[in-house]
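Inspection log for the structure reproduced underneath, given as structure tokens.
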Amino acid sequence: MGYDATTIRTSKYREHRRMTARTVLLATSNAGKLRDFAGAAAAFGITIANIPNFSSLPEVVEDGATFEENARKKAESYSVAVPGELVLADDSGLEIDALGGAPGVRSARYAADDPHAAECSTVDEANNAKVLRELKGVPEQKRSARFVCVLAAARDGQTVHTFRGSAEGIILDAPRGKNGFGYDPLFYFPQIDKTFAELSAEEKAQYSHRGKAFRAFLSWCRVADDQNL
Ligand code: ITT
């Protein structure tokens with residue numbers, strides 16, 4: 001089968017885009033998220049890198065009412081630091097039904113004003129302890145919850161697309177497992193009879209809100225590549 005010059009040019013261009021798309025630039029200060037993304041990307045031969053000098057960039061205030069608002073805000077602000085590059089930002093959190101959806105967009109700072117926080121050695125520990133206190137006496141069948149992740153992809157200060165993933169589970173009455181970060185030790189995932197803290201980064205990516213949102217992002221990249229967007 002013969003190819004004309006335009007076909008060859010186009011396929012070379014697509015190949016070039018695929019090659020350059022093998023590194024995904026992330027904007028996050030959260031080492032746990034970086035590990036999760038690396039676990040999700042491994043199966044696709046993709047490398048995850050944080051934006052160069054990320055820690056020296058001015059911090060974005062996450063004051064949006066939704067995960068999407070915050071994800072867009074982070075992706076747009078940080079993408080300005082790397083002109084022409086596609087930057088991915090993640091806003092995520094835990095919604096517990098018995099707490100009316102809390103901690104939700106406040107997940108990272110849930111125990112910030114809590115007087116018991118000083119007794120804990122890490123922010124994650126303080127957040128988990130607060131969840132356990134708030135759910136004291138709530139029976140298992142009423143401890144349903146979900147992790148939500150919204151990814152925003154932005155270039156030069158403009159959001160190009162957003163992607164959402166969620167995972168449904170149950171909040172235990174004591175932590176289980178040593179892996180992961182944040183609320184993972186309390187988040188029991190019935191489908192595999194494990195908490196997210198009992199999974200490797202690669203296993204977590206199979207089931208997690210972040211893994212699902214990341215796969216949606218990769219599908220979009222493939223379509224965008226094929227359409228030369
Ligand atoms: P960046 O904004 O720099 O990415 P952050 O930790 O401030 O980092 P968020 O505002 O999105 O990020 O808050 C997410 C919080 O939600 C995170 O700190 C955890 O407490 C919780 N969380 C999100 N995904 C989680 C996961 O996969 N496992 C456990 N906890 C998670």
Side-chain angles (χ1 to χ4, degrees), residues 24-40 48 50-51 54-79 81 87-96 99 101-112 114 117 120 122-132 145-154 162-169 171-172 175-189 194-214:
V24 173
L25 270 190
L26 262 191
T28 184
S29 59
N30 186 319
K33 285 186 186 178
L34 262 175
R35 269 197 310 278
D36 272 12
F37 278 112
I48 297 291
N50 217 344
I51 290 190
F54 182 77
S55 57
S56 63
L57 300 176
E59 202 178 323
V60 172
V61 181
E62 298 183 39
D63 52 3
T66 62
F67 295 116
E68 175 159 352
E69 257 182 78
N70 284 332
R72 292 172 82 106
K73 196 173 175 192
K74 288 188 266 191
E76 288 169 14
S77 304
Y78 292 125
S79 68
V87 166
L88 208 54
D90 164 315
D91 201 65
S92 47
L94 180 65
E95 294 179 341
I96 301 175
L99 303 180
V105 288
R106 297 202 63 252
S107 290
R109 306 167 293 281
Y110 191 44
D114 196 291
C120 299
T122 65
V123 169
D124 285 348
E125 206 183 292
N127 286 338
N128 281 313
K130 180 166 178 184
V131 163
L132 290 180
R146 74 206 49 79
F147 272 128
V148 178
C149 170
V150 175
L151 298 180
T162 60
F163 312 88
R164 191 183 181 89
S166 63
E168 300 284 333
I171 303 300
L172 297 180
R176 236 172 71 180
K178 297 275 174 235
N179 301 336
F181 70 101
Y183 303 93
D184 280 343
L186 293 183
F187 190 80
Y188 173 74
F189 194 64
K194 283 183 176 169
T195 69
F196 272 5
E198 294 176 308
L199 304 177
S200 67
E202 288 77 9
E203 286 168 333
K204 183 178 169 189
Q206 265 183 274
Y207 306 104
S208 79
H209 49 312
R210 187 159 296 108
K212 285 177 193 161
F214 187 68

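Residues: numbered from 1 along the sequence shown. Just so you know, ligand 1 is whichever comes first in the structure, and atom 1 is the first atom listed for that ligand. Keep in mind that what you see is a predicted model, and the values were worked out from it rather than measured.
Residues passing the salt bridge (charged side-chain N to carboxylate O under 4.0 Å, His left out) test with D91 are K74, sequence neighbours excluded.
Atom OG of S166 and atom CD of E95 lie 8.5 Å apart (nearest 0.5 Å). Summarising the geometry, atom CZ belonging to R210 is positioned 5.0 Å from atom CG belonging to D36; distances are rounded to the nearest 0.5 Å.
Between the side chain of K73 and the backbone N or O of E62, no donor-acceptor pair lies under 3.5 Å.
Applying side-chain contact (heavy atoms from CB on, under 4.5 Å) to F187 and the options N128, L94, T195 leaves one that passes, L94.
Under the 30°/60° scheme for interplanar angles, the aromatic rings of Y183 and F147 are found to be tilted.
Every protein residue with a heavy atom nearer than 4.0 Å to ligand 1 is included here: T28, S29, N30, K33, D36, E62, K74, D90, D91, S92, G93, S107, A108, F147, F181, G182, Y183, D184, K204, H209, R210.
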